[in-house]
Each structure stands twice: as C-alpha cells, then as structure tokens.
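In what follows, chains carry the letters A, B, and so on, assigned in the order in which the sequence lines appear, proteins first and then strands, with residues in each chain numbered from 1.
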Amino acid sequence: MHIYRTHNCGELRGTDCGKQVKLSGWLHRKRDLGGVMFITLRDNYGVTQLMAAPGSQVYSDFDKIRVESVVTIEGSVISRGTNINREMPTGEIEVEVNTVTVQSAADVLPFQVADEDNAPETSRLTYRFLDLRREKLHKNILLRAKVIASIRRRMTEMGFNEFQTPILTSSSPEGARDYLVPSRLYPGKFYALPQAPQQFKQLLMVSGFDRYFQIAPCFRDEDARADRSPGEFYQLDVEMSFATQEDVFAHLETLFYGLFTEFSSWDVTRPQFPRIPYEEAMRKYGVDKPDLRYKLEIEDVSDIFAASDFNAFKSIVEGGGVVRALCVENVADKSRKFLKDLEDYSRENGAKGLASLIFAENECKGSLAKPLSEATKTALRQKFNAPDNSGIFIVADSADKASVILGKVRIRLADELDLREKNAYRFCWIVDFPMFEKDEETGATQFSHNPFSMPQGGMEALMTKDPLTIKAYQYDIVCNGIELSSGAIRNHLPEIMYKAFEIAGYDNTVVDEKFGGMIKAFKFGAPPHGGIAPGVDRIVMLLANEPNIREVIAFPMNQNAQDLLMQAPAAATEKQLKELHLKITE
RNA sequence: GGAUCGGUAGUUCAGUCGGUUUAGAACGCCGCCCUGUCACGGCGGAGGCCGCGGGUUCGAGUCCCGUCCGAUCCGCCA
C-alpha cells in the first residue's frame, strides 16, 4: 500500500464499500458527538467523511488534532446507510478509521479555512497559503490554470506558435514607469523589466514566424485598482503577419467565444462582435469601454434646445456647446434624494449641473418641469419615445464633456437601478481610435495611443491631412464594460514611422535612439503585421465573476505594491548594493 | 500626490444624543457533557491600551485636530 494514499478525498463512492483505504489530507472539520466523532478530510479533489468509533484509540487521537493539520488515515469504507449526504459527491460512504498519523500539525489559525467568512484582506494576504486552501479562491486559481491551458490549446490549433521573450531588457521609451534592475557588470546602467513584449513580438514577425502568442508577464510600476494588480500581470500577447484588422478580429472572436462558452454557462456575444467607432462610443456611451449589457444611450438634443426659449441651454448651443441627454425608465417614484445625489455626482465629475425631466403619470417633475415650454417637453419626450414614469437627464456643456459626464451618470444609474442584463458576456470592438491628440496643457500634437500603430491612409494621410483628424488602425476589445485589451495593425514602414514621430515633435534621431532595434529591422524587409494583447487576469476575473483581480491571482501584492507573505520589497545588504554600484540616499 | 469610507477580543460585527456599575454578541480558542453528525448540539472559561498621539469636557469607544494602516476612486496605466 502507498505510504500516503490509495485514493484521493473526492473519489470514494458506494461501490467502494468494504475496501481498506488510505487517505491523506487536511483535517477540515470535526464533529464530536461524545461517543462517536465525524471528521471531514479535504484535499485538492474533494472532501470525505471519516468516522472515529466510540471508545477507539483514534477517537482520542482525533480529539487532540487541530483542524487544518495534515493527516494520513487508514480504514475501511462503509456505507452511511440511511444517513447519506446527497450534497457531497462522496456522501454515500464514510471511512471508519483504524489508524491516524499526523504528518504536520497546525497552529491555531488566524482565520477559518472551512468557513468562507470575510477575513480581513491583510490577513488573507499575509497567510495566503491558508486563503488558497479555501474553496472559492482554490477554485478560482484552478479555473485560471484551466483557462490558460485552453488558451494555449486554442491558439496552437489556430496555427500560432508560443515564444518566450526576455525579462531583463531595456527601458521602453513611453508609457508606464519601468521597473529597473541595476547591472553589476556595467556601473550606473540598468536593465528594465518589459512593460509588454511589444518590440520582441514585432521582431519575431520580421523574423518570419508569422503567428506569435505568449502568456506574457508584463511589468509596470503604476498604482493599483480593483481590476489592476500593481507591478505585474499577464497578457495573452498575440501578433500576426500579413493580417488585416478583420483577420485579427476573426481569430480573437473565435478564441473568446470558444473560451467563454467553455468556462461559463452565461450567454456570450456571438461572432461577429459589434464594431463601434471610438467617436460613436464616446458620443453614445461617454466612455471608450461601453458596457453593452444595458442600452441607455446618450442622445444629442442640442437642436431641440436651440429651437426653444430656454435661454440657459440655448445660449450654450449658440456658443458652440451641446446639450445631451439620456432617458431611463421607472424613476418617477424615486426620492428627491436620488435626484440630488445624481446631480452631486455629476458635479463631482465636472458638470455644471444635471437637469432632469421626469414624466410621472399625471404630472411632469424634475428641475426642468417648470422652465421648459410644453412644446420643448413634448419634443424631448418624442426624441426618446419616453414612456410614463421615465426620466430624462440632461447635461449642457462642451461636446467633449457632456457625453463623458453623462457616461458616468449612465454607469451610476445602471448600478443603482440594476439595469444590467444578467448572466451575459457582451463583447464589442472599439475601432478607429485617433492617431494623434492635442495635449490639453501645451497644445502640442502627441500620439494618442501608441506610436506603433499604422495611420489609416498611410503616408498620404500624414502628408495631407490635419493630424488630429487621422485615425489609426487601433482597436480595443471590451467585455461588460471592462477593457480587455488594446491592439493595432502596426506601422512596419520606417518612412511612415519617421513622419508620424515628426508630427508628434520628434526628429529621426529620436526614433533611431528609442526604437533602434525595431527600426533597423524594418529596413531589412518587414511583413505588414498586427496584433493584440488581452489581459489574462481580467479574462479570468470575468469568468470567475470576481470584482477584484486579487481573487484570481495566487500571490498578489496589496494596493501599495507590497507582498505581505514574502515581505517584498525588502532592503538589500551592503554587499549587494556595493556589487551593484548603488548608494542609498537620505 | 488628492478624495471617500473604514479601524472596538484571534476573526466578523453591535455599541443609541457624550453619561448605568465589570465595553457586548457570534465564530474561533481552552475545559466539561453528549453514540449518527453534515456549519452537530449544550454548559462554563480565558481573551480588549476601543489603531496611535493630542485636544474639548465634570465625564470620550462615541465629539474635534493630527497621524498611521486598509479598501475604493481620481491622478497614473505606450
């Protein structure tokens, strides 16, 4: 007999009755009834009930063993008779224990493992190995493993090859703050951890590998959010040669539809996913990552107010501003506080105010009920085809601000009124991002996304058009209001690259310096190529239906980028510092 | 860097308008009882610098100021 186990803890069934078995695992719970004791034993595979018979040696043995200790037991499988537990896969049987051996005793726990109570996050991170034993987190991490295995299989089946790229590399010129690693051999010089393997994957395309993917670690020294782990995260990094934007979309839609239907019973957007131009997304939803589980689209009502005698808004339209609005149902019975909170929220987000018009059954309420003429109210109501008890919320401002503010109101209304479609993953592509934008402070033209994207219209567009009107082959994929990734068809032509940088205010030497490796490669025959890099952590978050990214990462850092279990970051020794030619100041 | 919310037993929380003796409950821990439990049940016990520092007050867990810690958001994230 194996020294630890003949079966795992999720395995035994009624048909195993009579067998002598050995099990190993964690002591999950004890139920001591005085004469007889029931113990549940847990491992990765499940839970099995053990029974210590009245007056037996093992009864007093178990009495002394604390929960979460690791034990090996030997005993015989017996039927539970009339006491079958239908909730447990192993519920038909129990193991009558003959001997129990403690492999490792557990101290008193800082929080309960068997109870999924909400232990404080700090303790959960400090004792992450205990938290990972708990059912929910354990399942999430196993889900992550399965999702990644499925991604690898699906990508390989679609003809992609998996590559590894360097972790110690050079600092990338734009984007997030880098993590630097001091060089021992070269005093004063540093490696940087990659923010993404962007240039390497493009170089692999130039090397003729045609289709690349990698579950790639990415390192960015930026502050955390609920859906953004500080320090490091994983991307499904993808790149394709001789591919158009539509080719990238088709492959990713196949992947995402397959992946999400494999791991969830929720309804998933069928390919093709909707494609929404950036400008339209900003106008209709006020964000570039719309949650399509609810409609609530923002409409422009400038013309209605231009034709009205309501001077406050009329003058804004005449001054070049806009009036925009959204219409939401079933708000007539909401309290005054509801409206006030919504207006305060708008002001916090930069609005001068949030006007409202509410169509209760017999009367019109809201801040615009009195000042507006009947004709204007009717026009607004017709615009939205607004039913009884619905309300229209209105912002008058510049075109940029009005929709953005209403976009926030839109999300808040969805939260408060529970408007989101249940059990659904709603995907879309956001396309046609602008190539350049104006810096709010300096007025200078700068890249709005990344400098690697191909401008739509190519060189001709760069030479002839107003840079601020040029769009890029740059796209995002969004699911349920979460941005999973940006991607682009890349600029593989050095002369267009130089020109694009010139427009953004950099001369050729800057390009040669910053992107030396890549620009050199592009001068020796580069295929047109493009790709994308969806966040693996966020994909698992969506599939596990978790609101926080730490729930799908085995060993996450806290919000302040500390690893409470491993005590990182930590001080370096004098010897280490000396070897690295570093001196700590202050 | 900024904003909001929070910090009371190992853990989750309650603690009223600032005033009733010794700051409570549940889970956990320790002890006793209990022969069919499924989060077993019952009885008893230990466990608290009410995050820390200052202030207001006859009196502060409660109010004020500062500070530290945590979560969430803004900035930041090519």
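- No side-chain donor-acceptor contact under 3.5 Å links Asp115(A) to the backbone of Gln112(A).
- At a threshold of 4.0 angstrom between heavy atoms, the contacts of Glu68(A) with the nucleic acid are absent.
- Put simply, Gln195(A) has no side-chain N or O that comes within less than 4.0 Å of OP1 or OP2 on C77(B).
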Nucleotide N/O to protein N/O under 3.5 Å, stretch nucleotides 23-33 of chain B:
from	atom 1	to	atom 2	distance (Å)
G28(B)	O2'	Gln112(A)	NE2	3.3

> Can you give the dot-bracket line for RNA chain B, using ( ) for pairs inside the strand, [ ] for pairs that cross earlier ones, | for pairs with another strand and . for unpaired bases, where Watson-Crick and G-U count if both distances are under 3.5 Å?
Replying inline: (((((((..((((.....[....)))).(((((.......))))).....(((((..]....))))))))))))....

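- Residue Glu87(A) is classed as having no contact, given no heavy-atom separation below 4.0 Å to the nucleic acid.
- Nearest nucleotide to the Arg220(A) side chain, out of A71(B), C74(B), C77(B): C77(B).
- Among the heavy atoms of the strands lying under 4.0 Å from Ala196(A) is at least one base atom, whether or not backbone atoms are also near.
- Arg29(A) comes within 4.0 angstrom of sugar-phosphate atoms only, judged by non-hydrogen atoms across all strands, and of no base.
- Atom CG of Asn491(A) is separated from atom P of A78(B) by 19 Å (rounded to the nearest Å).
- In this structure, Tyr475(A) has its ring center closer than 6.0 angstrom to the ring center of Phe249(A).
- Counting any heavy atom pair closer than 4.0 Å across all strands shown, Asn560(A) reaches sugar-phosphate atoms only and no base atom.
- No engagement by Phe111(A) is indicated, since no non-hydrogen atom pair under 4.0 Å with the nucleic acid exists.
- One N or O on the side chain of Asp537(A) and one on the backbone of Tyr234(A) form a donor-acceptor pair closer than 3.5 Å.
- Across C76(B), G36(B), U72(B), the shortest atom-to-atom separation from the side chain of Asn548(A) is found for U72(B).
- Arg550(A) comes within 4.0 angstrom of the backbone, heavy atoms only, and of no base.
- Pro54(A) comes within 4.0 angstrom of a nucleotide base, judged by non-hydrogen atoms across all strands.
- For Gln559(A), no side-chain nitrogen or oxygen approaches OP1 or OP2 of C69(B) to under 4.0 Å.
- In this structure, Met37(A) reaches neither bases nor backbone, as no heavy-atom distance under 4.0 Å exists between it and the strands shown.
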